[in-house]
**Q** 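This is the structure, below, for whatever I ask next.
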Amino acid sequence: MITIKSKREIELLEKAGHIVYLTHKYLEPLVKPGISTEELNRLGEEFIISQGATPSFKGYEGFPYALCISVNDEVVHGFPSKRKLKDGDIVSIDIGACYKGYHGDSAWSYKVGGITDEDKYLLEHTEKALYEGIKQVKPGNHIGDISNAIEVYATKHNLGIVKELVGHGVGTTVHEDPEVPNYGIAGKGPRLREGMVIAIEPMLTLGSPDIYVDSNDWTVITDDGSRSAHYEHTVAVTSDGVKILTGDDKYGER
Ligand code: MG
Ligand code: MG
């Protein structure tokens with residue numbers, strides 16, 4: 001069931017989203033060669049708690065950590081560990097925070113030190129694919145318009161689309177209806193209405209989009225070892241378009 005949020009609920013979702021944004025901004029300068037993903041997780045968790053929120057993912061369906069931190073060929077749901085980031089890595093950090101019962105969910109991919117032109121291309125165009133999706137958010141459009149815009153953009157840029165994982169509604173639970181796939185047909189799927197809140201999250205790869213799940217039962221990894229990026233915002237459908245709840249709301253920037 002797709003829920004329509006009240007003005008008060010949108011305010012709480014915006015507050016949760018802002019805490020997620022601040023957590024990204026806090027961690028961004030710490031993403032450097034030598035830091036372990038476990039350390040980033042600990043610092044992120046402490047920061048979320050310092051803001052009066054709790055990490056949405058910790059304990060969610062048994063996920064054991066506050067943040068999902070996925071390195072290189074890991075697409076999503078990476079387990080923080082003693083693994084130290086190295087120059088040339090790319091790392092996707094997915095952050096969820098719950099404030100007064102309402103969630104925010106946003107992922108960004110970061111470069112570690114100097115990265116290859118190919119990896120820069122992957123990061124740049126996965127982020128742009130997210131904004132292509134966000135541009136389609138307005139009352140009267142359909143989920144399929146978002147999905148199609150991401151698919152068309154990713155395909156045009158020769159990036160693989162991981163299809164097994166999708167965006168989702170966000171509210172008093174971090175994952176709710178509707179599903180927001182990263183591929184689809186324009187004009188199809190649920191119609192967008194003012195008060196709907198959804199997370200849009202393209203997961204794109206440099207190689208084949210085929211994936212497998214690690215023996216930890218969580219971490220999604222590319223079959224061919226190619227690198228993957230993940231960008232996600234939680235957004236609200238407003239009377240005249242869209243509001244990004246997990247950004248600084250400067251459209252298309254951060
Ligand atoms: Mg999400
Ligand atoms: Mg997420």
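Bear in mind that the values here come from a model prediction, so they are computed numbers and not experimental data. When a ligand or atom number is given, it counts from 1 through the structure's own listing order.
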**Q** Tell me if the aromatic rings of H18 and Y21 count as close, with their centers under 6.0 Å from one another.
**A**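 Yes - the distance between ring centres of H18 and Y21 falls below the 6.0 Å cut-off.
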**Q** Other than V152, what residues sit in its cluster of Ile, Leu, Val, Met, Phe, Trp and Tyr side chains whose heavy atoms are under 4.5 Å apart, directly or through others?
**A**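 Traced through the cluster, V152 reaches no other member.
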**Q** Is there any side-chain hydrogen bond (donor to acceptor under 3.5 Å, both in side chains) pair reaching into residues 181-204, and which pairs are they, with sequence neighbours excluded?
**A**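 Applying side-chain hydrogen bond (donor to acceptor under 3.5 Å, both in side chains) to every pair that reaches into residues 181-204, excluding sequence neighbours, yields H168-E201, E201-H230.
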**Q** Suppose we screen for side-chain contact (heavy atoms from CB on, under 4.5 Å). Which residues come up paired with S36, at least two apart in sequence or across chains?
**A**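 With sequence neighbours excluded, S36 shows a side-chain contact (heavy atoms from CB on, under 4.5 Å) to E38, E39, K84, given in chain and number order.
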**Q** Sort by chain and number the protein N/O/S atoms found under 2.8 Å from the Mg ion (ligand 1).
**A**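 Per the 2.8 Å query on the Mg ion (ligand 1), atoms found are D105 OD2, H168 NE2, E201 OE2, E232 OE2.
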**Q** Provide the closest heavy-atom pair for I115 versus L123 in the form atom of the first, atom of the second, distance.
**A**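 Heavy atoms of I115 and L123 come nearest at CD1-CD1, 3.9 Å.
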**Q** Indicate, with yes or no, if the rings of F79 and Y65 have centres closer together than 6.0 Å.
**A**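 Under 6.0 Å, so yes.
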